[in-house]
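One structure below.
The figures here come from the full heavy-atom set of this structure, side chains too, leaving out hydrogens, waters and symmetry mates.
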Amino acid sequence: MQWSAIGHEDVKRYLERLVMTGRFGHAYLFTGPEGIGKRMVAEDVARLLIPQGDELDITRLSPERDEDGRLHDIPIGAVRDMKRWVVLRPVGFKVVIIDDADRLGGEAANTLLKVLEEPPLYAKFLLITGRPGAVLPTIASRCERVDFRPLDEAQMKTALAGLKLDADDRALLAAVAAGRPGMALKLLQNGEVPDVAKHIAGLEKALKGGITERLVYAKEVADDERAPEIASWWLAWVHTHLAERPALAPVARGIQELVSVLGEPQFNRRLAVEHFLLSVD
């Protein structure tokens, strides 16, 4: 079979063997970092299960975004519509692909759970998440978990080969994406590569500078609504360079803590960034 995603060869062979031998289960939970190809593999599995390519036998659920771009839970109405749809018997299989399965709210999760408890024999469910611990345990327990790992350096080189980038930007994207080709593509499509370069340079400059330089840069980062993303760029970049620069280990630990703090809205963002920049050498 011709797969769309690069890498994950063990996962692909396993899933293809299950389909070809008629042993494909009723529900799978695809886990792994955002942007590594989970959704692409799920779409390929759907085409493998429904070789005639009938889109009427595939339905997709995902979180909604409001006008301000904020992400909301998968709507209960969409799950109810899926429940009504899935009981209509097809010629072959029906496939349900659920993006960000951790964003199923209470009622929506319970509705899906009822379907998973007594699924039609022809129905196959592919749940995708980057936060498996946030998926309702009773839903996760009814799925076979399939873990996806970040791509290695050679695979990332292949994934980025078709992108129009100079050598410096290509190396930067490979470092910041950290084995996640979808993340690299997202940064490129959103025109954020120059911002990534600016903030990697900003981190290095701040670490070499004094207290004033660090405080000024902390304010710049904290005032940016993408502060959590900037911290994740730092973390990926630092991890990529740890082998050649082991002195960055304390910086990596500090950024890891900062990423966790910035994910909690109750914390003061500026104080968190200042604390990180002032506490590392």
Side-chain angles (χ1 to χ4, degrees), residues 6-11 31-38 130-133 147-161 163 165-188 192-211 213-218 220-222 224 226-264 267 269 271-281:
I6 294 172
H8 315 300
E9 299 306 324
D10 291 345
V11 169
T31 74
E34 178 187 354
I36 60 173
K38 303 185 299 296
R131 302 188 304 152
D147 293 328
F148 287 69
R149 308 296 182 192
L151 273 58
D152 60 29
E153 185 176 348
Q155 291 168 335
M156 277 300 290
K157 185 176 181 179
T158 299
L160 300 180
L163 302 181
L165 296 165
D166 61 33
D168 288 342
D169 284 346
R170 190 179 301 277
L172 179 67
L173 268 186
V176 172
R180 300 167 294 169
M183 179 63 67
L185 185 60
K186 178 182 177 181
L187 291 171
L188 183 61
E192 293 185 286
V193 177
D195 291 336
V196 173
K198 182 185 77 171
H199 281 292
I200 296 302
L203 174 64
E204 291 208 276
K205 182 179 179 181
L207 293 177
K208 295 175 183 176
I211 293 177
E213 290 87 347
R214 296 187 185 203
L215 289 176
V216 170
Y217 185 50
E220 178 184 343
V221 172
D224 193 316
R226 299 169 303 171
E229 293 177 62
I230 293 170
S232 71
W233 298 342
W234 290 345
L235 185 61
W237 183 85
V238 168
H239 273 302
T240 300
H241 292 82
L242 268 179
E244 63 194 61
R245 296 170 60 182
L248 286 173
V251 179
R253 289 192 293 270
I255 300 174
Q256 183 67 66
E257 181 180 342
L258 176 64
V259 168
S260 298
V261 170
L262 292 179
E264 302 294 335
F267 290 105
R269 180 178 291 181
L271 288 179
V273 180
E274 286 180 353
H275 173 74
F276 158 67
L277 288 175
L278 293 176
S279 63
V280 293
D281 294 328

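- Pairing each heavy atom of Ala252 with each of Val238, the nearest pair is CB-CG1, 3.7 Å.
- When atom types are taken as modelled, the side chain of Tyr217 and the backbone of Leu207 share no donor-acceptor pair closer than 3.5 angstrom.
- Note: Leu235 CG to Gln256 CD = 5.0 Å, rounded to the nearest 0.5 Å.
- In this structure, Glu9 places its CD atom where more than 12 heavy-atom neighbours from other residues, nucleotides or ligands lie under 6.0 Å away.
- Gly179 and Ile36 get closest at one heavy-atom pair: O-CG2, 3.7 Å.
- Separating the CG atom in Leu258 from the CZ atom in Arg253 is a distance of 15.0 Å, to the nearest 0.5 Å.
- More than 12 heavy atoms of other shown residues, nucleotides or ligands fall within 6.0 angstrom of atom CD in Glu192.
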Please lay out, stage by stage, how Leu203 and Leu277 fare under the test side chain to side chain contact (heavy atoms under 4.5 Å, CB included).
CA-CA 9 Å; Leu203 174 64; Leu277 288 175; 4.2 Å; yes
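- Contact between Gln155 and Asp152 at its shortest, heavy atoms only, is N-OD1, 2.8 Å.
- Listed by chain and residue number, Asp168, Asp169 satisfy the side-chain contact (heavy atoms from CB on, under 4.5 Å) test with Asp166 (two or more places apart in sequence, or in another chain).
- Under the 4.5 Å side-chain criterion, counting only non-hydrogen atoms from C-beta, Phe276 is not in contact with Leu262.
- In this structure, the side chain of Arg214 engages the main chain of Ala206 through a donor-acceptor pair within 3.5 Å.
- Rounding to the nearest 0.5 angstrom, the gap separating the CD1 atom in Ile6 from the NZ atom in Lys157 is 13.0 Å.
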Might you work through the salt bridge (Lys or Arg N to Asp or Glu O under 4.0 Å) test for Lys186 and Glu229, ending with a clear yes or no?
CA-CA 12 Å; Lys186 178 182 177 181; Glu229 293 177 62; 5.3 Å; no
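- Using bins of under 30°, 30° to 60° and over 60° for the plane-to-plane angle, the ring pair Trp233/His199 lands in the tilted bin.
- Side-chain contact between Leu215 and Leu278: present, with at least one pair of heavy atoms (C-beta onward) separated by less than 4.5 Å.
- The CG atom of Asp195 sits 7.5 Å away from the CG atom of Asp224 when rounded to the nearest 0.5 Å.
- The closest donor-acceptor contact from the side chain of Glu204 to the backbone of Ala201 lies at 3.5 Å or more, if one exists at all.
- Across all non-hydrogen atoms, the minimal contact from Met156 to Ala177 is CE-CB, 3.9 Å.
- A donor-acceptor distance shorter than 3.5 angstrom exists from the side chain of Lys38 to the backbone of Pro33, with no hydrogens or angles considered.
- Interatomic distance, OG of Ser279 versus CD of Glu257, reported as 7.5 Å (0.5 Å rounding).
- Put simply, the side chain of Glu244 never gets that close to the backbone of His241: no donor and acceptor are under 3.5 Å apart.
- One finds the CD1 atom of Ile230 at 12.0 Å from the CD1 atom of Ile255 (value rounded to the nearest 0.5 Å).
- Under the 4.5 Å side-chain criterion, counting only non-hydrogen atoms from C-beta, Trp234 is in contact with Ile200.
- Shortest non-hydrogen contact noted between Ser232 and Val259 is N-CG2, 4.2 Å.
- Residues Arg269 and Pro228 form a side-chain contact, since some pair of their non-hydrogen atoms from C-beta on lies under 4.5 Å apart.
- Listed here is the closest heavy atom pair of Thr240 and Ala175: OG1-O, 3.0 Å.
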